[in-house]
> 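Below you will find the structure I want to go over with you.
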Amino acid sequence: MTCDTEDPGKRQAYLDFIENVQPKLSEFADAFNRRLAGHPAVDELPSRYDLMIKCMRTDIDIFSEENIPLQIEEAKLETEHSTITGAMMVKYDGEEKTLPQMAVYFENTDRSIRESAWRGVVSRMQQDTERLSEIYDELIQIRHLIATNAGFDDYRSYIFQAKHRYDYSLDDCLQFHDSIESVCVPLMHQIHEERRDALGVDTLRPWDVSEKSGGGVDIHGRPPLQPFDTVDELVSGCSNVFHNMSPEIGGMFDMLRDRNSLDLESRKGKAPGGYQANLEKTRIPFIFMNAAGTQGNLTTMIHEAGHAFHSCYSSELDLIDERNPPLEFAEVASMSMELMSHPEWGEFYDEEDARRAKADHLEGIVCFMPWMATIDAFQHWVYANPKHTREERAEYWLGLRRRFGPRTDWSGFEELKETSWQSQLHLFQVPFYYVEYGIAQLGALQLWQYHRKDAADALSRYALAMSLGNTKPLPELFGAAGLNLGFGEEHVGSLIGELNEALGEIQA
Ligand SMILES: [Zn+2]
């Protein structure tokens, strides 16, 4: 369906699955969970099923009949959010453009073009600010009710159970935010200060740097990086990258190419975005993306290939459930592949551009962590205080921006800044899904540390841990690769410290 959104047959089949098959599936899954977890012989199962049974018991515990209509209500609001944001178009340069298409202008070396593009985007978003605030108000009330119906004090405690977060707590997340504040935020300010200086401006404005990724126009006025022109170049370059790293992952990537499991080119009728999906029947991973020749596309390709290697390594496990790892570890497979492939980026670039691409990537990691903490901390407050007013929410958000955000000058856009959280889809669509990226990044950075010392050793750690799929709790998955699951300042500080050292070497 995502490969061909204009085919009515495919769309119909997809809607049929969503509307008619999936609700039945969740009903049957609940019945199945109860049958299995309540079976007298369940404790005699081999220990590799412990985690699966534990998750089933949680799902049974938090299930509440009263929540079914509320969840339908929630899904309708989420769909309305998708419809509203999907319909946002901006008239620019004489053409109607989508918001992702507008992002190209934020890398333009002409500051006035960046500014007018940014103004175009935000004035379009402002047309829907009021309705999006209403939707979020309603979602918070519904989610709070879902939690209390299931016997929890608030939605935070409920969602930790619903997401099977057994191995880290609310307090661990708060500690993680503190560590990011003391480790990443000062470094981010330093990176932004260099940007301000290189651009020769008094203050950075919102069109000079991305609040989320720290990226934006090249500070030396060079045109955007262009690692490849055609999808064939992307595929053959990546095949070389992975073969150079190890014949094993190189072979896995070639298998995807030879089995037609890559849909990479951008074309009319294709859904936006990128993903890796494991086709459960053949157990062959499938990668979808919209490649247009940018550095972002190259990292996406390597990222999704990392997910695919994870699928390949765990493909021998019997059950679908065993082959679906927790997100906190799935993203270790993909994010570590981005980092470990650095030495091979010369397949796409000359030496200077390879340095530039790597430095941008590493700076992006530093700058993303504070944004991740902002979004996570915001949700903690929102659901711990479900009776808050919009004024209080705006005040809390602005406080978080002061704590974690860049020192960007928003003058003239003060009101807009109060609701700038609305640009983060996860808040509406997948509540509390965000800290996973940060946790996984800590794991990825540790694997990269091993890789910088001994590449073969790191890749064998990778293979071993990925082959476990979803059969072990999170700390054991981390442990299998020799990684620590921790949130303290010292741990985060040592990882970001080494990243900063590597950044210095690249830029030297
Ligand atoms: Zn991913």
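Numbering starts at 1 and runs along the sequence shown. Worth knowing before you read on, the calculation uses all heavy atoms, side chains too, and leaves out hydrogens, waters and symmetry mates. In this text the structure is predicted, and so the values were computed from the model without any measurement. When a ligand or atom number is given, it counts from 1 through the structure's own listing order.
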> Test your reading of the model: is there a side-chain donor-acceptor pair from R323 to the backbone of G469, 3.5 Å cut-off?
no
> Looking only at N, O or S atoms in H307, which is nearest to the Zn ion (ligand 1)?
NE2
> Checking K54 against Y166: charged group under 6.0 Å from the ring centre and within 45 degrees of the axis?
yes
> Between R452 and E498, does any NZ, NE, NH1 or NH2 come within less than 4.0 Å of an OD or OE carboxylate oxygen?
yes
> Between E6 and K270, is there a salt bridge with N-O shorter than 4.0 Å?
no
> Counting backbone and side chain alike, does E331 bring an N/O/S atom below 2.8 Å of the Zn ion (ligand 1)?
yes
> Taking just the N, O or S atoms of H303, which one is nearest to the Zn ion (ligand 1)?
NE2
